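See structure below.
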Amino acid sequence: MARRPRTAQERTAARSGWAVGVATALYGISFGALATASGLDVWQACVLSLVMFSGGSQFALIGVLASGGVAAGGTAIASAALLGVRNSFYALRLSRIIGPGFWRRAAATQLTIDESTAVATAQTEPRAQRIGFWVTGLVVYFGWNLMTLAGALLGNLIGDVKAYGLDAAAAAAFLGLLWPRLKARQTQAVAVAAGFVATLLTPLLMPGLPVLAAAVVAIVFGVLNLFGRGDDRPHPDPIPMEREVEP
């Protein structure tokens with residue numbers, strides 16, 4: 001049976017997945033270079049990207065190791081784990097998008113990251129949500145690991161990777177997805193409050209805790225609907241959680 005052509009939103013989801021995926025994956029070269037500079041071998045840096053696959057957690061881990069060496073291993077693991085907690089919340093949101101099936105869910109577990117969640121939930125059609133998730137997750141996964149290997153092999157030869165703007169490219173791509181959702185007063189208030197709390201706490205707390213504190217702020221604002229109004233609907237329309245997604 002011939003497959004039906006993709007809708008406009010499904011094509012948009014795929015393009016967004018590639019754009020966000022490539023921009024994020026390129027920054028993996030930074031992790032590879034910094035990982036070897038902090039004392040890890042090439043294979044250790046690559047295994048971290050293959051298994052852990054959470055950019056924030058990976059940078060937190062090597063950041064603590066670089067400052068404290070092996071003695072800081074416990075703190076490094078704790079920091080990485082705290083940053084990884086957010087992915088558990090993403091899984092709850094993505095459960096209906098992924099659909100049933102053990103192997104499908106097992107694969108989705110590894111690909112549930114900031115970027116794949118953002119692209120998926122930015123869509124309103126069920127199939128577009130799935131396309132956005134899988135395209136983004138797979139592009140980031142394979143690209144990030146290839147760039148990790150490249151950065152670990154090149155090491156100091158590439159110099160300061162921030163000079164190439166790769167860190168800004170990933171953040172800009174993510175902001176591009178977030179921006180259309182900031183037209184309602186409630187979402188604007190959540191973004192400002194969460195960003196303020198995270199910025200304020202970052203110099204004071206260990207990595208991971210500011211992110212969780214910002215998440216708590218967002219939850220409080222959402223539950224209490226502090227700045228919401230009946231006619232202040234978010235754009236685009238929110239994706240209904242009760243809608244079943246066919247496998």
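These numbers were taken from a predicted model, which means no experiment stands behind them. Basis for what follows: all heavy atoms, side chains included, without hydrogens, waters or symmetry-related copies. In this chain, numbering begins with 1 at the start of the sequence shown.
- T121 places none of its side-chain heavy atoms less than 4.5 Å from the side chain of F133.
- Here the closest heavy-atom approach between residue I97 and residue A120 is recorded as CD1-CB, 4.4 Å.
- Minimum interatomic distance between M147 and L26 (heavy atoms only, all atoms of both residues): CG-CA, 4.0 Å.
- At least one side-chain heavy atom of F53 sits less than 4.5 Å from a side-chain heavy atom of Q110.
- No side-chain donor-acceptor contact under 3.5 Å links R104 to the backbone of G99.
- With hydrogens and angles disregarded, a donor-acceptor distance shorter than 3.5 Å links the side chain of R11 to the backbone of R6.
- With a 4.5 Å cut-off on side-chain heavy atoms, V217 and V190 do not count as touching.
- Smallest separation of non-hydrogen atoms from T199 and P203: O-CD, 3.4 Å.
- Residues V22 and V139 share a closest heavy-atom pair of N-CG1, 3.7 Å.
- Hydrophobic clustering, with ILVMFWY side chains joined whenever heavy atoms are under 4.5 angstrom apart, keeps V192 apart from L201.
- Side-chain contact check for T124 versus Q9: some heavy-atom pair is nearer than 4.5 Å.
- Contact check for T36 versus D41: no side-chain heavy atoms found under the 4.5 Å cut-off.
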(message) Between Y141 and I113, is the side-chain contact (heavy atoms from CB on, under 4.5 Å) condition met? List the steps.
(response) CA-CA 10 Å; Y141 187 79; I113 54 176; over 6 Å; no
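- If you take CD1 on I131 and OG on S16, they are separated by 11.5 Å, rounding to the nearest 0.5 Å.
- Residues F31 and L48 form a side-chain contact, since some pair of their non-hydrogen atoms from C-beta on lies under 4.5 Å apart.
- Nearest heavy-atom pair, A45 versus A152, reported as atom, atom and distance to 0.1 Å: CB-CB, 4.4 Å.
- Side chains of R105 and S95: a donor on one and an acceptor on the other come within 3.5 Å.
- Shortest non-hydrogen contact noted between T24 and E115 is OG1-CG, 3.4 Å.
- A donor atom on one side chain and an acceptor atom on the other are found under 3.5 Å apart for T148 and S49.
- When the side chains of ILVMFWY residues are joined at heavy-atom separations under 4.5 Å, either directly or via intervening members, V51 and W43 end up in a single hydrophobic cluster.
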Working note: T136 + V140, criterion side-chain contact (heavy atoms from CB on, under 4.5 Å); need CA distance, chi angles, decisive distance, verdict.
CA-CA 6 Å; T136 309; V140 175; 4.2 Å; yes
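- Atom OG1 of T12 and atom CD of E125 lie 9.0 Å apart (nearest 0.5 Å).
- With hydrogens and angles disregarded, a donor-acceptor distance shorter than 3.5 Å links the side chain of Q123 to the backbone of V119.
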